[in-house]
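One structure is given here, and the rest of the page talks about it.
Per chain, numbering begins at 1; letters A, B, ... match sequence-line order.
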Amino acid sequence: MADAIKLNIDGTDVETQPGTTIIDVATEAGIEIPKLCQHRLLSANGTCRMCLVEVEGARTLLTACTTPVQPGMKVSTRSEQVLRARRSVLEFLLAEHSLDCLVCERSGDCRLQDYAYEYGADGRQIAGKHYERGVEEPGEVEADNPFFVRDMSKCILCGRCVRMCAEVMGYGAVDFASRGAETKVATSFEMPLTESSCVFCGNCVTACPTGALQPKQGARQGRAYEYEKVRTICPYCGVGCSINLHVRDGRIIGSSAVEGPANRGLVCVKGHFGHGWIQDEDRLTRPLVRKDDGELHPTSWDEALDLVAERLRTIKSKHGSDAIGGLASAKCTNEENYLFQRFMRSCVATNNVDHCARLCHASTVAGLATVFGSGAMTNSNWEFESSDVLFITGSNTTETHPVIGAVVERGRRAGAKLIVADPRVTDMAYRADLHLQHHPGSDIALLNAMAHVILAEGLEDKEFIENRTEGFAEVKEKVAEYSPERAAELTGVPAADIIEAARMFARERRGAVLYSMGITQHSKGVDNVKAIANLAMLTGNIGRFATGVNPLRGQNNVQGACDMGCIPSHLPGYQLVSKKELRSKFERAWGSPLRADPGLTMIEMINEAADGGLRALYIMGENPMLADPDITHVKEGLENLDFLVVQDVFLTETAQLADVVLPAASFAEKSGTFTNTERRVQLVRPAVSSPGEAKADWRILCDLAARFGQSWGYEESAEIMSDLSALTPSYGGISYDRLDPVGLQWPCPDADHPGTPILHTETFARGKGLFSPVDHRPPAEVPNGEFPIVLTTGRMLYHFHTGSMTRRAPSLHAHVPTGYVEVNEQDAGHLGIEHGQPVKVISRRGGVVTQAVVTPNIKQGVVFMPFHFAEAAANVLTNTALDPVAKIPELKVCAVRLEPQPWEGARGCCCETSGESDAFEATNEGSD
Amino acid sequence: MAKRRILLCAGSGCVSSGAWKVKEELLRKLDERGLTEKFEVVASGCHGFCEQGPLLIIYPKETLYCRVEPDDVSEIVEEHLIGDRVVERLFYKDPETGERIADHAKINFYAKQERIVLKNCGVIDPESIAEYVDRGGYDGLRKAVSMDRVAVIEAVKQSGLRGRGGAGFPTGLKWDFTYKADSEKKYIVCNADEGDPGAFMDRSVLEGDPHAVLEGMLVAGYAVGADEGYIYVRAEYPLAVKRLRIAIEQAEEQGYLGSDIFDSGFSFHVSVKEGAGAFVCGEETALLASIMGKRGMPSPRPPFPATSGLWGKPTCLNNVETFANVPFILREGWEKYAAIGTEGSKGTKIFALTGKVNNTGLVEVPMGNTIRKVVYEIGGGVKDDREFKAVQIGGPSGGCIPNSLIDTPIDYDSLVEAGAMMGSGGMVVVDDETCMVDLARYFLEFVQSESCGKCPPCRVGTRKMLECLKRICDGEGEADDIDWLINVGESIKSYSLCGLGQTAPNPALTTIRYFRDEYEAHIKDRTCPAGACQALIDYVIVAEKCKGCGLCIKACPVEAISGEKKTVHTIDYDLCIKCGACMEVCKLDAVIRGKPAAQKEEAA
């Protein structure tokens with residue numbers, strides 16, 4: 001580290017590192033310098049002039065945000081001259097600012113207002129008696145998107161929004177336009193935001209220091225000083241963003257981003273504007289029981305729970321405990337998932353407990369546990385801004401994990417090379433230095449060939465391989481079979497690109513691999529994961545800062561649900577049910593015997609239900625009727641059950657089939673913890689009370705356990721945490737009092753342990769990293785004459801999972817009201833399909849009608865459908881072929897054919913005619 | 001036998017006055033008379049005497065013909081080229097003496113200049129590298145690469161050359177900073193984004209002697225260790241762009257540009273980047289942003305381009321005229337250069353002399369000459385023998401220097417002391433018919449529309465100052481407006497981010513400083529002493545002089561004048577649009593500008 005620099009600020013001697021700016025060192029010293037344009041995530045550019053300070057010997061006042069400290073510098077931040085400057089700058093700003101604080105939403109939460117008050121400036125010094133107050137063209141307020149309004153009469157041109165959009169999010173939807181006093185922030189050609197590359201993350205709204213950008217949610221319902229901000233964790237993807245819920249009179253009136261360790265103040269459109277569902281009138285408020293008339297009727301908790309207990313006991317005694325299964329929830333808290341598997345294991349006495357991780361990262365958990373000894377993301381979200389090369393494969397990061405997408409973008413802007421492997425031209429692919437557009441399901445060929453090139457060219461990390469790993473020889477032998485030329489045939493990626501990707505990845509010092517469902521949701525998902533691990537170990541990219549193998553988890557608490565043992569083979573903390581000493585620890589704690597044999601996985605439970613082996617299913621917060629492959633088959637299975645209990649916040653497609661429906665509290669109505677993708681355990685706090693009689697899942701589970709004679713005695717969720725941490729070594733040091741405000745990353749074995757941002761730093765969890773030779777094999781279902789096209793499925797930015805939340809979030813639903821299928825433009829030409837035309841997508845398992853989005857951004861011979869939309873459910877079509885180890889279905893590849901349908905009514909894509917524009921096109925086409 | 005040379009000025013000024021048509025006619029006529037073997041017509045760069053264009057110089061006697069039109073060509077060919085008789089009617093006519101002068105070297109406009117930078121302009125064919133080389137071109141570079149880099153920088157330091165873009169930063173020091181910056185990659189950037197209203201010296205140098213600029217950049221590149229250069233030139237200068245491209249191509253062909261120049265191991269490549277005409281892109285950080293494809297907005301310094309410029313690499317950025325000075329310094333030695341000019345300001349400076357002066361055009365004079373010398377000796381004095389009131393120096397960033405300071409020497413420091421600045425070298429002569437408030441208004445109008453809009457003092461402040469100045473010109477000024485202008489102007493200067501804002505109020509502040517009485521007249525008396533502010537004057541018919549001829553009635557476009565023949569005419573001020581047509585046509589000077597009629601009535 002360079003020598004410290006000594007300087008003097010306002011008479012105080014301070015020391016700091018070279019390269020620090022005056023504003024940073026002042027802040028460190030507790031001296032506040034006013035600022036409007038400076039933002040910790042954005043480049044400093046001295047725009048607003050509020051941070052001018054006096055530096056002895058300088059010709060003019062200097063902007064503290066841009067001026068680096070110099071040894072011996074003497075800085076005055078409150079001299080007469082400086083105060084005069086600040087007041088003067090405010091006068092200039094306010095002379096043209098619409099001073100309608102009386103009606104402004106941001107009043108009380110406006111930095112400009114605060115400074116105006118502090119310095120006694122109101123613009124009159126400049127505008128004087130000639131100031132024409134509040135005269136604005138009505139057209140200046142842009143309000144035609146569902147998320148926020150732009151009121152340029154309040155814009156002070158600080159450029160935070162411009163920089164946020166370009167430097168952080170990577171979209172550049174807005175920039176400065178015109179010159180002089182006419183300067184404004186505008187989109188290209190001053191089109192509405194809906195027709196720009198804007199993705200409505202609203203991070204510009206968060207950054208805006210005035211009322212120029214205002215969220216639509218909560219308008220006229222209360223200002224900052226009138227509502228309470230409840231800090232909690234976003235319930236959507238696995239990034240784990242901290243958000244505030246704005247609560248007034250017991251109602252949530254809005255939400256906003258807040259600085260948290262996982263998100264550093266950023267959110268995406270869902271986290272920012274997507275919480276309207278919490279107070280949707282569809283919320284379940286009373287338990288429902290299916291009566292003789294075949295309908296669900298409201299009833300009391302006692303009646304419902306008595307019925308559940310009685311039916312489960314009866315089925316258990318008649319068909320054995322393994323005739324009962326349970327699906328836990330990646331949306332529920334750690335505490336609830338812990339209790340759910342405890343209920344299944346100790347009350348029902350079965351290991352038939354699983355959850356939707358089976359559909360997403362089962363391959364990761366199985367694959368990485370084998371090769372590293374731990375199946376989780378090795379590094380942390382924000383390390384990627386410091387990586388030298390980022391290899392993203394099978395992850396549409398900017399749409400599915402938008403805030404990590406932003407971190408990647410920051411890394412890219414800081415000079416990191418970006419390689420993206422994806423059959424679609426996603427935003428990430430568009431931004432990449434190298435895009436490998438491979439055939440779906442050809443990942444192993446691609447990854448093995450990269451390893452082949454690295455070894456052939458001697459780019460491997462020999463020391464790491466020697467000291468930290470085993471099994472290298474076998475992998476060396478295996479990848480020798482995968483020349484770039486052979487891989488080119490298997491993947492469709494030119495050999496030269498494969499070679500370049502290999503070199504690009506191997507030559508940089510810090511290389512990180514990020515992946516997601518594109519790798520795991522295959523019948524060879526585990527092998528895909530192993531191939532990635534091979535590549536990382538080959539280049540020594542494990543156990544160091546800004547490197548690693550990084551599976552991005554898709555749900556707020558899917559990591560936690562796995563951690564809590566909601567998997568048929570493991571007790572909490574990945575402790576094998578088959579190991580006696582581990583099992584007996586839990587038996588002692590829970591006071592009941594536990595089964596040693598692993599239970600059924602999710603897909604196996606559905607199959608068993610269809611075959612009659614499984615008689616009852618208890619589903620907490622999951623919706624297999626949309627999420628699982630081959631929905632027709634799922635429905636058969638569920639309908640064939642003797643008894644189905646669904647515990648949820650809405651009457652989902654699955655709940656509609658249930659015998660008993662239990663109304664649960666949402667995340668906003670309870671305490672607990674979520675564990676995000678970087679293994680960070682964070683606090684969830686109640687903001688409002690549950691509607692009607694809805695109850696927190698953990699309370700329901702306690703009540704149900706009591707009916708099985710187990711009195712768990714929990715009054716607070718914190719008590720559950722203290723119990724589970726005693727039994728779960730990786731959570732051993734975690735307690736609520738340690739989680740505020742930044743949480744803890746597991747492993748955290750004891751109360752003094754600071755948590756673990758990076759796994760496998762000294763040794764792997766299993767000792768040495770295990771190289772595992774893997775071979776390419778084709779997907780379970782390949783195109784043929786009847787089904788000539790590959791269907792791949794996934795998420796899109798504006799919706800989440802089965803849509804039960806986002807489609808009830810008014811702004812998100814208004815923006816993207818229905819589903820679609822992306823068709824390559826040349827394929828569309830051959831098939832006679834036009835943009836927006838209804839088209840039937842048919843697989844061996846069924847067919848759905850949706851509308852076509854014709855685009856160049858998808859490989860020929862491949863179509864893509866998001867799976868959020870019940871009316872055009874992609875999972876009617878998908879294949880249930882399983883990975884033999886992880887039992888994950890091959891949701892990413894199946895064979896389909898397309899049949900254009902006659903136009904109904906006016907032509908045009910729904911997204912265009914709805915007036916909400918082609919937002920998904922904007923996001924798919926990349927930033928330009 | 002060598003051909004006789006006919007030099008046709010093909011600078012932008014002469015081209016727009018019809019030089020190409022003259023050339024066409026000349027070639028046709030020479031062909032018709034079978035003289036193409038005897039004479040060659042060379043299109044040169046700007047001669048600087050734009051007011052008299054199109055210009056034609058016939059060798060060997062260098063006879064100068066002014067304002068030549070295609071119809072004059074036949075006479076020139078028949079009389080001068082064939083008959084060896086000069087065409088006297090096309091000679092320059094001295095405004096003082098009325099004498100017709102044939103030899104351009106004897107015309108004061110040229111005789112009193114000292115041309116270093118403009119040495120080749122108007123003399124050589126700018127599209128011929130051979131002509132440049134013949135006149136010592138690239139000798140400076142050849143010498144530089146034989147020297148140690150530090151010695152080259154030292155020579156430039158010793159020469160005393162300061163930046164000609166306006167601020168006058170010592171060039172050698174700037175090179176030294178860039179030289180000392182630690183980086184494998186460095187850039188040289190030539191600022192050819194000349195944007196001051198009325199200034200066109202950079203354009204003329206680029207059009208007339210582009211190789212001089214390239215040579216300067218090459219020397220700089222060698223000195224600081226850069227291997228790549230950009231010339232950022234306004235797209236509105238198509239001829240300059242064209243000639244630069246030709247020059248670059250020729251220099252590459254001849255090995256003056258490219259790899260391993262003069263077998264010295266030094267390599268240098270130059271690209272031309274056309275700007276989109278934003279004035280603020282003349283500011284160095286904005287210019288660099290623009291080259292990098294960003295919006296041309298200035299950034300705070302530090303970091304200075306010398307340490308972090310183009311793509312974060314050390315970048316040495318100088319103006320066209322600065323680079324064009326460099327070949328002389330290397331070729332002739334810094335001692336010779338440093339002998340010209342004053343203690344603090346060495347060498348010459350080119351000014352664009354315009355306004356109410358007889359000889360307008362480009363003039364290059366040693367630093368330290370007085371304003372008086374430039375205006376009266378070279379410029380031939382104020383037009384129509386009116387009273388000299390002030391010069392506006394340095395364009396929108398500069399200021400006005402009044403008659404009382406006419407003996408101020410023109411150098412960086414004296415001008416700053418007087419409240420103006422060298423700027424790029426615009427020099428507008430102002431006579432008693434120019435209103436100083438209106439002049440300030442004009443420049444504020446310019447800067448406020450050219451402000452990039454980034455920082456509030458400049459963006460908002462210049463607009464508000466303009467509004468105030470407009471009110472004063474409209475006769476709606478208020479007593480505290482002058483103090484308000486000074487306060488706001490000082491705030492803009494103190495708190496703005498870049499040089500544009502930091503100098504934008506200068507035209508207003510210096511006119512207030514030297515002509516406060518004119519402001520007060522507008523505000524207190526509601527009069528414009530210069531008679532220029534329309535709202536503050538009315539055309540008045542002087543009853544004693546009017547003979548009732550009716551000429552003004554006919555001339556008035558809005559029928560505002562009435563009166564019987566041979567009776568005194570009257571103006572209906574409700575209809576009058578103050579176009580001045582009546583005053584122009586009146587042969588008896590019976591129509592004059594006076595105080596607004598309404599006021600006079602009130603007073604009465």
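- Of residues 75-87 of chain A, those residues with a non-hydrogen atom less than 4.5 Å from any non-hydrogen atom of chain B are, in numerical order, Gln81(A), Arg84(A), Ala85(A).
- For Thr66(A), the parts lying near chain B are the backbone and the side chain together; criterion is any non-hydrogen pair under 4.5 Å.
- Residues of residues 411-418 of chain A having a heavy atom under 4.5 Å from any heavy atom of chain B: none.
- Interface residue Cys452(B): only backbone heavy atoms are found under 4.5 Å from chain A.
- For Thr462(B), no part sits under 4.5 Å from any heavy atom of chain A, backbone or side chain.
- Along residues 293-312 of chain B, the residues that come nearer than 4.5 angstrom to chain A, judged on non-hydrogen atoms, are Arg295(B), Met297(B), Pro300(B), Pro302(B) in order of number.
- Listed by chain and residue number, Arg516(B) satisfy the salt bridge (Lys or Arg N to Asp or Glu O under 4.0 Å) test with Glu520(B) (two or more places apart in sequence, or in another chain).
- Atoms OG1 and OH, from Thr60(A) and Tyr495(B) in turn, are 11.5 Å apart once rounded to the nearest 0.5 Å.
- For chain B, the option among Cys65(A), Ala181(A), Gly46(A), Ser88(A) with the highest count of heavy-atom pairs below 4.5 Å is Ala181(A).
- Using a 4.5 Å heavy-atom threshold, the side chains of Pro457(B) and Arg49(A) count as touching.
- Here OG1 of Thr63(A) is found 6.5 Å from CG of Leu497(B). Values are rounded to the nearest 0.5 Å.
- The side-chain heavy atoms of Phe92(A) and Ser491(B), taken from C-beta on, include a pair separated by under 4.5 Å.
- A donor-acceptor pair is defined here as one N or O able to donate and one able to accept, closer than 3.5 Å; no such pair exists between the side chain of Lys454(B) and the backbone of Leu157(A).
- Ranked by heavy-atom pairs under 4.5 Å with chain A, the first of Lys493(B), Glu450(B), Gln448(B), Gln502(B) is Glu450(B).
- Remark: Lys464(B) engages Glu96(A) in a salt bridge, criterion side-chain N to carboxylate O under 4.0 Å.
- Contact detail for Arg459(B) and Ile156(A): the closest heavy-atom pair is NH2-O, 3.3 Å.
- The neighbour count for Glu118(A) CD, taken as heavy atoms of other residues, nucleotides or ligands under 6.0 Å away, is above 12.
- Around the CZ atom of Arg40(A), the shell of radius 6.0 Å holds more than 12 heavy atoms that belong to other residues, nucleotides or ligands.
- The environment of Phe169(B) atom CZ is dense: over 12 non-hydrogen atoms of other residues, nucleotides or ligands sit within 6.0 angstrom.
- Closest heavy-atom contact between Gly453(B) and Thr183(A): CA-OG1, 3.2 Å.
- Here Ser451(B) contributes atom OG and Glu182(A) contributes atom CD; the two are 11.0 Å apart, rounded to the nearest 0.5 Å.
- Inter-residue side-chain proximity for Val488(B) and Gln125(A) is flagged as unmet; no heavy-atom pair is nearer than 4.5 Å.
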